[in-house]
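Everything on this sheet refers to the single structure shown next.
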Amino acid sequence: MKTVIDLDDELLERARRELGTKSKKDTIHAALRLVAERSERLEAVRELLAVDRDWTGILDDDKTPDGRQDAA
């Protein structure tokens with residue numbers, strides 16, 4: 001469906017960089033998907049937090065392949 005809207009160019013560019021998308025259409029679709037799937041991600045986090053486990057040290061070197069940690 002085509003829709004004509006005014007967009008905040010700076011905000012769109014920030015979203016494009018954050019999402020790693022190339023086009024306006026891809027950026028808008030990715031942003032909409034991110035928002036639409038938010039409740040599913042929150043529920044997954046709640047389920048993880050409900051697991052009775054000691055999460056201390058989960059990112060220690062011995063828990064990651066080759067002793068590397070993800071920069072994120």
Side-chain angles (χ1 to χ4, degrees):
M1 161 177 75
K2 288 193 175 202
T3 304
V4 178
I5 58 173
D6 290 324
L7 297 173
D8 180 326
D9 288 333
E10 182 181 332
L11 188 58
L12 185 62
E13 176 59 20
R14 287 174 52 198
R16 185 198 63 73
R17 285 193 312 265
E18 183 71 23
L19 295 167
T21 52
K22 298 200 182 282
S23 70
K24 288 180 181 181
K25 180 179 177 179
D26 289 345
T27 302
I28 292 167
H29 284 189
L32 290 172
R33 192 175 308 105
L34 189 67
V35 171
E37 295 170 351
R38 180 179 180 265
S39 62
E40 294 170 19
R41 287 190 307 278
L42 288 174
E43 182 58 31
V45 168
R46 284 188 193 101
E47 288 177 14
L48 281 173
L49 291 173
V51 173
D52 187 18
R53 177 193 167 133
D54 178 9
W55 295 100
T56 305
I58 195 70
L59 292 179
D60 288 346
D61 286 347
D62 64 336
K63 305 284 188 204
T64 57
D66 301 319
R68 294 183 317 239
Q69 291 184 359
D70 185 38

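- Under a cut-off of 6.0 angstrom, the local environment of CD in Glu13 is crowded, with over 12 non-hydrogen atoms contributed by other residues, nucleotides or ligands.
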Check: residues 35-51 side-chain donor-acceptor pairs under 3.5 Å, at least two apart:
from: Arg41; atom 1: NH1; to: Leu34; atom 2: O; distance (Å): 3.2
from: Arg41; atom 1: NH2; to: Leu34; atom 2: O; distance (Å): 2.8

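- For the side chain to side chain donor-acceptor pair (under 3.5 Å) condition, the pairs that include at least one residue of residues 25-35, sequence neighbours left out, are Thr21-Thr27, Ser23-Asp26.
- Shortest non-hydrogen contact noted between Arg16 and Lys22 is CD-O, 3.9 Å.
- Hydrophobic cluster of Ile5: the remaining members, joined at side-chain heavy-atom separations below 4.5 Å, are Leu7, Leu12, Ile28, Leu32, listed by chain and number.
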